[in-house]
Amino acid sequence: MNREIFKQSLQKTGSSPYPCPICNKGQLQVVKDRFHYEETSLSKSLHGHEAWEPEWISYIYSCFLKCSNSACAEIVSSTGNGELCRGCGYDEKGFPVEIYDPVFSPKYFNPPLQMFQVAISAPEPVRNEIIISFSHFFSDPSAAAIHIRIALEHLLTHLKIKRFNRRSGKLHRIALHQRIDLLPHKFNHVRDLFYAIKWLGNAGSHDTESITQDDICDAYELLEELLSGLFPQKRMAIERLAKKINKKRGPR
């Protein structure tokens with residue numbers, strides 16, 4: 001994944017930096033006349049302060065974006081915050097002047113942006129939790145981390161790692177770290193990935209104020225590598241092709 005794409009701001013017009021979450025081929029473009037923003041009431045109340053500066057202004061926005069791929073043309077809604085940023089421009093005589101431009105930071109997208117392409121062969125419960133995590137990325141990194149951790153639990157269950165131990169006739173849940181310890185030797189090549197993702201998921205559960213979007217991007221990069229190691233798309237496609245040809249005993 002290219003994390004820098006998702007750290008960029010959104011402009012009022014034209015193309016956004018974000019790929020379409022449906023086709024992953026087109027770019028999302030702001031729909032003309034469908035970008036609306038307003039200054040917040042708190043921001044307005046500060047205008048009379050003796051130390052007021054334009055940088056104190058804050059906005060909320062909502063907009064629609066459309067995929068540039070005509071074969072897709074998906075519509076995505078977005079909402080978030082905005083502020084004025086100081087820059088430098090030129091007046092009609094060519095002299096440098098101070099200017100302020102609004103800059104917008106997304107908080108939500110619907111449908112959520114795909115931070116990376118989840119392997120289509122990954123188990124559905126794993127895919128679902130990852131997509132929920134994507135929906136929290138911009139607004140709540142700690143919640144995104146928690147759903148990554150849940151995805152990891154589902155993945156271990158898919159790999160037939162037991163969830164409970166029976167002691168004194170009662171079932172006791174096995175901790176995630178211990179479940180990773182139970183992975184067979186054939187998964188040694190991805191064991192460190194499991195542990196690293198678990199630590200980041202734990203941070204989302206226990207240290208919610210310190211976890212950042214970059215931490216979540218770290219988790220996504222690790223998760224993308226883990227899934228590609230467990231569910232290699234090209235190999236699986238080739239295996240399916242081989243089965244079809246073998247079944248036909250000749251050309252498909």
Side-chain angles (χ1 to χ4, degrees), residues 1-21 27-68 74-115 132-147 200 203-220:
M1 64 171 284
N2 182 355
R3 67 175 66 192
E4 296 306 317
I5 289 176
F6 302 104
K7 293 163 68 175
Q8 296 181 48
S9 59
L10 184 63
Q11 304 300 317
K12 293 187 295 180
T13 58
S15 294
S16 77
Y18 313 120
C20 174
Q27 293 293 118
L28 294 181
Q29 297 179 324
V30 175
V31 178
K32 187 177 180 180
D33 300 327
R34 300 305 300 272
F35 193 108
H36 305 287
Y37 67 102
E38 295 285 344
E39 187 176 358
T40 66
S41 59
L42 174 60
S43 176
K44 291 177 181 178
S45 71
L46 297 175
H47 281 236
H49 194 285
E50 60 182 13
W52 183 88
E53 294 285 347
E55 288 96 330
W56 291 21
I57 290 178
S58 61
Y59 303 107
I60 58 171
Y61 83 85
S62 64
C63 73
F64 287 104
L65 305 103
K66 186 176 182 178
C67 176
S68 62
E74 179 63 278
I75 294 292
V76 175
S77 64
S78 177
T79 184
N81 303 327
E83 60 184 351
L84 283 181
C85 286
R86 185 184 309 189
C88 183
Y90 298 91
D91 63 17
E92 64 276 5
K93 295 182 179 180
F95 293 107
V97 293
E98 193 175 74
I99 60 172
Y100 290 89
D101 286 318
V103 175
F104 300 96
S105 301
K107 291 296 182 183
Y108 300 97
F109 288 93
N110 183 32
L113 300 187
Q114 305 296 293
M115 315 305 288
I132 294 172
S133 174
F134 291 162
S135 71
H136 290 291
F137 173 79
F138 294 95
S139 60
D140 190 350
S142 63
I146 290 169
H147 286 281
L200 292 172
S205 301
H206 308 306
D207 193 11
T208 58
E209 292 185 0
S210 66
I211 196 163
T212 67
Q213 286 186 344
D214 271 321
D215 296 324
I216 302 304
C217 286
D218 288 342
Y220 288 152

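Sequence positions, counted from 1, serve as the residue numbers for this chain. Not measured: the values here are computed from a predicted model.
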May I have the step-by-step check of side-chain contact (heavy atoms from CB on, under 4.5 Å) for L28 and S78, ending in yes or no? CA-CA 11 Å; L28 294 181; S78 177; over 6 Å; no
Test log, rule side-chain contact (heavy atoms from CB on, under 4.5 Å), inputs L65 and V31: CA-CA 5 Å; L65 305 103; V31 178; 5.5 Å; no
Test side-chain contact (heavy atoms from CB on, under 4.5 Å) applied to E55 and L84, step by step: CA-CA 5 Å; E55 288 96 330; L84 283 181; 5.9 Å; no
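The heavy-atom pair separating A145 from G204 by the smallest distance is CB-CA, 3.7 Å. Closest non-hydrogen pair, C20 versus E74, comes out as SG-CB, 4.1 Å. Of all the heavy atoms in I216 and I211, the pair that sits closest is CD1-CD1, 3.8 Å. Here the closest heavy-atom approach between residue H136 and residue A144 is recorded as CB-N, 3.7 Å. The two residues Q213 and F137 come nearest to each other via the heavy atoms NE2-O, 3.4 Å. Of all non-hydrogen atoms in Y37 and P102, the two that sit nearest each other are OH-CG, 4.2 Å.
To the nearest 0.5 Å, the span separating CD on E39 from OH on Y59 amounts to 6.0 Å. For the atom pair CG of L42 and CH2 of W56, the computed distance is 10.5 Å after rounding to the nearest 0.5 Å. Rounding to the nearest 0.5 Å places CD of E38 at 9.5 Å from OG of S62. Rounding to the nearest 0.5 angstrom, the gap separating the CG atom in N2 from the NZ atom in K7 is 10.0 Å. To the nearest 0.5 Å, the span separating SG on C85 from CD1 on I99 amounts to 11.0 Å. Summarising the geometry, atom CD1 belonging to I132 is positioned 12.0 Å from atom CD1 belonging to I146; distances are rounded to the nearest 0.5 Å.
C217 has its side chain within reach of M1: a pair of non-hydrogen atoms, C-beta onward, lies under 4.5 Å apart. The shortest distance between side-chain heavy atoms of C63 and R34 does not fall below 4.5 Å. Taking the side chain as every heavy atom from C-beta outward, Q27 and P19 approach each other to under 4.5 Å. Looking at P21 and V76, their side chains come closer than 4.5 Å, going by heavy atoms from C-beta outward.
Between Y18 and F6, the ring planes are parallel. Angles under 30° get that label, and only those over 60° would be called perpendicular. Ring pair Y61/F35 is parallel by interplanar angle, where below 30° counts as parallel and above 60° as perpendicular.
Evaluation of the salt bridge (charged side-chain N to carboxylate O under 4.0 Å, His left out) rule for E92 yields no partner, not counting sequence neighbours. Take Q8 and apply the side-chain contact (heavy atoms from CB on, under 4.5 Å) test, not counting sequence neighbours, and it matches P17.
Each side-chain hydrogen bond (donor to acceptor under 3.5 Å, both in side chains) pair with one or both residues in residues 101-111, not counting sequence neighbours, would appear here, but there are none.
S58 and E83 form no side-chain donor-acceptor contact under 3.5 Å, judged by distance and modelled atom types alone.
The backbone N or O of G48 lies less than 3.5 Å from no partner atom in the side chain of E50, so there is not a single donor-acceptor pair.
More than 12 non-hydrogen atoms from other residues, nucleotides or ligands lie less than 6.0 angstrom from CD1 of I57.
In this structure, the ring of F109 has its center no less than 6.0 angstrom from the ring center of F134.
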